[in-house]
Amino acid sequence: MAGVGGGNDFQWCFSQVKGAIDEDVAEADIISTVEFNYTGDLLATGDKGGRVVIFQREQESKNRPLSRGEYNVYSTFQSHEPEFDYLKSLEIEEKINKIRWLPQQNAAHFLLSTNDKTIKLWKISERDKRAEGYNLKDEDGRLRDPFRITSLRVPVLMPMDLMVEASPRRIFANAHTYHINSISVNSDHETYLSADDLRINLWHLEITDRSFNIVDIKPANMEELTEVITAAECHPHQCNVFVYSSSKGTIRLCDMRAGALCDRHSKFFEEPEDPSSRSFFSEIISSISDVKFSHSGRYMMTRDYLSVKVWDLNMENRPVETYQVHEYLRSKLCSLYENDCIFDKFECCWNGSDSAIMTGSYNNFFRMFDRNTRRDITLEASRENSKPRAILKPRKVCTGGKRKKDEISVDSLDFNKKILHTAWHPKENVIAVAATNNLYIFQDKIN
Amino acid sequence: MAGADGDDSLYPIAVLIDELRNEDVQLRLNSIKKLSTIALALGVERTRTELLPFLTDTIYDEDEVLLALAEQLGNFTMLVGGPEYVHCLLPPLESLATVEETVVRDKAVESLRKISQEHSPVDLEVHFEPLVKRLASGDWFTSRTSACGLFSVCYPRVSSTVKAEIRQHFRTLCSDDTPMVRRAAASKLGEFAKVLELEYVKSDIISLFTALASDEQDSVRLLAVEACVSIATLLPQEDLEALVMPTLRQAAEDKSWRVRYMVADKFSELQTAVGPEITKNDLVPAFQNLLKDCEAEVRAAAANKVKEFCENLPEDGRETIIMTHLLPCVKELVTDTNQHVKSALASVIMGLSTILGKDNTVEHLLPLFLAQLKDECPEVRLNIISNLDCVNEVIGIRQLSQSLLPAIVELAEDAKWRVRLAIIEYMPLLAGQLGVEFFDEKLNSLCMAWLVDHVYAIREAATTNLKKLVEKFGPEWAQNTIVPKVLGMAHDPNYLHRMTTLFCVNSLSEVCGQDITTKHMLPVVLKMAVDQVANVRFNVAKCLQKIGPVLDSNSLQTEVKPVLEKLATDQDMDVKYFALEAISVLVLA
C-alpha cells in the first residue's frame with residue numbers, strides 16, 4: 001500500500017507518542033495547537049492549561065542508523081494564566097489558541113503564543129556557562145569578614161549542564177474585544193497580524209502599546225451581524241498580502257499596499273453553492289475553520305466541516321481541488337449538531353513541497369491527500385499500534401450495510417476522539433498529530 | 001594597592017563586583033553603571049584579562065542591563081590602557097551586537113562606532129575591520145544588521161584594497177535574503193554614500209539604491225526614500241536627473257501607500273536635496289498627486305508639508321506655482337472626507353498667508369479659513385484658531401472675527417471636555433490677538449462659564465486661564481471684570497463652585513498683587529472658614545497658606561492667624577492637618 005506524501009512511495013510508521021496514557025484526561029492537558037519551526041528541528045505544542053511544550057529533534061546518531069531524530073522535550077513553560085476581566089465580568093481562559101514561530105534571528109528561538117485576548121512573544125535560549133567566585137562569600141557560601149578582603153576577585157565563567165530558559169519578551173495586550181483565532185507573522189519579519197471574530201490588527205513585533213486595525217467587519221448594529229472572521233494568514237512571500245476566511249465559507253484577499261484600512265478586499269473567493277445539496281446545515285458546514293497558504297505562495301487551502309479545498313490565488317470563482325474528508329458524516333449532521341461536534345474547528349496543513357495535504361477527522365483518524373496522484377488515505381493515531389517503526393495500517397469507514405473485514409462502521413465512530421491539530425515538518429515526511437492529550441509523531445519508511 | 005591585612009577601601013568595590021551577579025536586576029544595573037569604578041580599582045591589566053572576558057559572556061542578562069553595558073563600553077578606552085589597547089573592547093561589543101533586542105544592538109553599534117575613532121589606522125585594519133567582516137558574514141541576521149552600521153566609520157580610514165572589500169560586503173548585504181538585513185542596509189545607504197568617493201557613489205551606490213528602491217518588500221522600498229535625500233545631496237546637479245530622479249518618480253507613484261507616505265513625509269528634505277529646477281519641473285506635479293492621493297494617510301502627510309514646500313519654492317515664480325498648481329489641490333483638501341487630512345491642513349494652512357501676501361490671502365485663503373472654522377470636526381477648528389497669529393500679521397484678525405466668534409463659542413460648549421480644554425488653552429493667545437475690548441464684550445462670559453463646568457479638569461484649566469489673562473491685561477482689569485465674579489461664587493449653593501473661588505484666589509493672588517488680594521480676596525476667603533463643608537474649610541487653610549506670602553504681616557497676624565487657629569481645632573482631621581501645616585509654613589505659631 002503506497003503512502004501519501006509526495007514523490008516516492010512510502011509508508012507511514014509510528015515514531016513516538018507523548019503525553020499520559022491514562023484514560024482519564026485532565027482538561028488542562030488537552031493539546032490545542034501544534035507547530036513546527038522553520039527548520040523543523042523544534043516542535044511546539046500549546047494546551048488548554050496555558051502551557052507550551054517545545055520538543056527538540058535529537059541529532060541522528062551514527063551507531064543507531066535506523067533511528068532517525070526523535071523529538072524530546074526541550075523546554076516547558078507556562079505561557080498564559082487564567083485571568084478575569086473585571087470590567088466586563090468575563091473569565092479569560094489560559095488556553096493557547098495558536099503558536100507561531102519567528103524566523104530565527106540569532107542563537108535563541110522566538111515564538112508567539114496567544115490565548116483569547118493576549119499575545120506573548122517568548123524567547124527560548126540556552127545557557128551553558130555559569131559565573132563562579134564571589135568576593136564577600138567563600139566557596140561554601142559563608143560570608144567573609146568585609147575587613148579581611150585583601151584582593152578583588154572577578155567572577156570566572158565555568159561550563160555547566162545545558163539549561164534552557166523561556167522568557168517572556170513582549171506582551172501584546174488590550175487590542176482584541178473578541179476572541180483571537182489566528183496570529184500570523186508577515187514575511188517582512190517585523191510585523192504580524194492577529195485576528196478575532198470581527199477584527200484584524202497589525203502589530204510591529206517590537207511595539208506593544210499600539211497596533212493598527214486593518215480589518216473591521218463589526219456592523220454598527222450587532223443585530224445585523226451575519227458573519228464572523230474564522231481565520232487569517234499572511235502570504236508567505238508578499239508582505240502586503242493577507243487572507244481571511246469567514247463563517248460564510250468565503251475568503252477575502254487584501255492588499256495592504258492599497259490603503260491603510262483593508263475593509264475593501266482585492267479578491268473574493270467563493271464557490272457557488274450547489275442548490276441540490278442545500279439543507280438546514282449548509283451554512284454551518286460551509287464555515288471555514290482554517291486557511292493556509294502553500295509554501296510556494298501560489299495556492300491556499302481552506303478547511304470546512306466536510307472537505308478541504310485548494311484554491312489558486314488567480315482563480316476566485318471555484319477551488320482547483322476539493323477533497324472530501326469524511327463525506328460519510330453528511331447523513332449524521334443532525335446528531336453532530338445536537339452534540340455540538342458540527343462546530344469543531346479542524347485545521348489543515350501542507351507538506352514541505354506542497355504536494356500533499358493533511359487534516360483531521362473523528363475517531364482519532366486523520367486524512368492525507370496526494371495532490372498529484374489524487375490518492376487519499378485514512379490513518380489512525382492510536383496507542384495500539386505504537387511499537388517503534390510499526391507501519392500504520394490504512395483505515396476504512398464503511399457506509400453501506402455490509403461491513404468488510406478491517407472496516408469500521410460510521411455508527412461506531414467515537415466523536416469524542418477528534419484530531420483538530422496537525423503539523424507537517426517543513427522539509428521531511430515527519431508529522432505531528434494531536435489526539436486529545438497525546439501528541440503522536442509519525443514518519444515515513446521508504447520502501 | 002591592597003595591604004597585607006585587608007584594605008577597607010576594597011570593600012565597596014568587592015560589593016559592586018559581587019552585585020554584577022545579584023538576583024535583583026536593579027542591583028546588577030547599578031553595578032554595571034559603575035563599571036568604570038570597578039575597572040579603575042582592578043587596574044588596566046586585570047580589566048583586560050579578567051573583567052572583559054567575563055563581560056563578553058554576560059549576554060544572558062536583561063535588556064536594560066545589556067543596554068547599560070553596551071553604553072559603558074563605549075567610554076572604556078582609558079580604563080583598558082588607552083588607544084593602544086582599545087581593541088580589547090571589541091569582543092564584548094561584538095557579542096552585544098548580535099543580541100535580538102534592537103535597542104541593545106544599536107547601542108553596541110553606537111559604542112563600536114565611537115571606539116573605532118580611537119583605533120590607530122593599523123589597529124583598525126588588524127582588529128576592527130575583521131570584526132566588521134565577521135559580523136557582515138555572520139550566520140544570524142542580527143549580526144549582519146549590526147555590520148551595516150559599521151561600514152561608514154571604517155571606510156575612510158583603511159587602505160584601498162580593504163576599501164574594495166568593504167564595498168563588496170555592503171553590496172552583499174544589500175541583497176541579503178532576509179528583509180531585516182536589507183532594511184538595515186537601506187537605512188545606512190545614505191550614510192555610507194557620504195564617505196564613499198564620488199566615482200563609487202555613481203558606480204556602486206546608485207545601483208544598490210535602485211535595487212533597494214524596487215525591492216519586493218514595502219518596508220525596504222520606503223527606506224530607500226530616505227537614502228534618496230542623502231544621495232541627491234552628494235551628486236552634482238547635472239547627474240541628478242539621470243541617476244536619482246527615475247527612482248524618486250517611481251517611489252512617488254509606488255503601489256504601496258506606505259512608500260508614497262514616506263515620500264510625502266520627506267518631501268521638504270527631498271525638495272532641498274534636488275534643488276529648485278527639479279522642484280519646479282518634477283516635484284510640483286508629484287506633490288499635487290500626493291495631495292490628491294487615494295489613501296488618506298498620504299494626503300495627510302502631504303497636507304502637513306504644504307507650508308514648508310511653498311516656503312522653499314524658488315522665489316521667482318513661487319506665487320504663480322502656488323496659485324495655479326497648489327492652491328486648487330489645497331482647496332479640495334478643505335472639504336476632504338477624512339478628518340485627519342483636514343486637520344493636518346488646518347495646522348499649516350494659515351502659514352500660507354505670509355507667503356502670498358495680503359491681497360491673495362483676503363481673496364483666496366480667507367474663504368478657506370472661514371470654511372475650516374465651520375468644519376464639523378473640532379480638531380480642524382482648533383488647529384485654525386491655534387495658528388491665528390500668522391494671519392494677524394498679514395491681514396489683521398478683524399477680517400476673521402465675525403466667523404471666529406461663533407467657532408470659539410461652539411468649541412467652548414463642545415460636548416467633549418477635551419475639546420473644551422483645548423480651546424481654553426488658546427484663550428490667552430486669542431485675547432492677545434483680539435484685544436481687551438473685544439474680549440470683554442464677547443469672550444469674558446465664556447471664561448467665567450468654564451469656572452462652573454461640571455468637569456474638574458475644565459474648572460482647573462479655567463483658573464489657570466484667568467491667571468494668564470490677568471498677566472496680559474493687568475490687575476486693574478482683573479479687579480473690574482473678573483475678581484467680582486470669582487468672589488461672587490463664594491456664596492454659590494454648590495460647594496464645588498465655592499471651592500473654585502478658592503482655587504482662583506490661589507492662582508490670581510500673585511498676579512493681582514498685595515492690594516487687591518488684601519482688600520478684596522482675603523475677606524471673602526476668611527468668611528469661608530466657617531463653611532459647613534469640610535472640603536471647603538481645609539481648602540481655605542490651603543488657600544491662606546498659598547496667599548500668605550502676598551499679604552502684609554499686619555493682616556497675617558490680625559486676620560489670618562486667628563482664623564487658622566480656629567481651623568486648627570476643627571472637628572475634621574483634614575481641616576486640622578492643613579490648618580496646622582499653614583500655620584507652620586507661614587510661621588504664625
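Naming convention: chains lettered A, B, ... in sequence-line order (proteins, then strands); numbering from 1 in each chain.
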### Query
Does the salt bridge (charged side-chain N to carboxylate O under 4.0 Å, His left out) test come out yes or no for A/Arg170 and B/Glu101, once each step is laid out?
CA-CA 11 Å; A/Arg170 305 215 196 298; B/Glu101 200 57 54; 2.5 Å; yes
At a 4.5 Å cut-off on heavy atoms, which part of [X] comes close to chain A: side chain, backbone, both, or neither?
X	answer
B/Arg46	side chain
B/Arg182	neither
B/Val15	both
B/Glu297	side chain
B/Thr98	backbone

### Query
Highest number of heavy-atom pairs under 4.5 Å with chain B: which of A/Gln104, A/Lys129, A/Glu190?
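That would be A/Glu190.
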### Query
Does the pair A/Arg169/B/Asp63 count as a salt bridge with the N-to-O cut at 4.0 Å?
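Here A/Arg169 pairs with B/Asp63 in a salt bridge, since their nearest N and O are under 4.0 Å apart.
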Could you tell me which portion of [X] (side chain, backbone, both or neither) has an atom closer than 4.5 angstrom to a non-hydrogen atom of chain B?
X	result
A/Glu206	side chain
A/Ser187	both
A/Ala131	both

Leading residue by heavy atom contact count with chain A [cutoff under 4.5 Å; candidates [options]]:
options	value
B/Ser256, B/Gly138, B/Ser219, B/Cys294	B/Ser256
B/Arg258, B/Arg183, B/Glu216, B/Arg260	B/Arg183
B/Val99, B/Asp18, B/Leu51, B/Leu20	B/Asp18

### Message
Between B/Arg21 and A/Gly133 (side chain of the first, backbone of the second, donor and acceptor by atom type, cut-off under 3.5 Å), is there such a pair?
### Response
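Yes, B/Arg21 side chain to A/Gly133 backbone: donor-acceptor pair under 3.5 Å.
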Atom pair [atom1]/[atom2] of [X] and [Y] - distance to nearest 0.5 Å:
X	Y	atom1	atom2	value
A/Gln238	B/Gln217	CD	CD	10.0 Å
B/Lys255	A/Asn240	NZ	CG	8.0 Å
B/Ile17	A/Asn135	CD1	CG	5.0 Å

### Task
Please report the closest heavy-atom contact between A/Phe110 and B/Glu100, naming both atoms and the distance.
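Distance-wise, the nearest heavy atoms are CZ-CG, 3.0 Å.
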### Closest contact, heavy atoms only, A/Ala258 versus B/Glu295
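Shortest heavy-atom separation between A/Ala258 and B/Glu295 comes out as O-OE1, 4.0 Å.
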Inspect the surroundings of [atom1] in [X] and state if more than 12 heavy atoms from other residues, nucleotides or ligands are less than 6.0 Å away.
X	atom1	answer
A/Asn213	CG	yes
B/Arg249	CZ	yes
B/Tyr261	OH	no

Heavy atoms, side chains only, cut-off 4.5 Å: are [X] and [Y] in contact?
X	Y	value
A/Leu136	B/Tyr11	yes
A/Asn106	B/Ser143	no
A/Asp188	B/Asp218	no
A/Gln105	B/Trp140	no

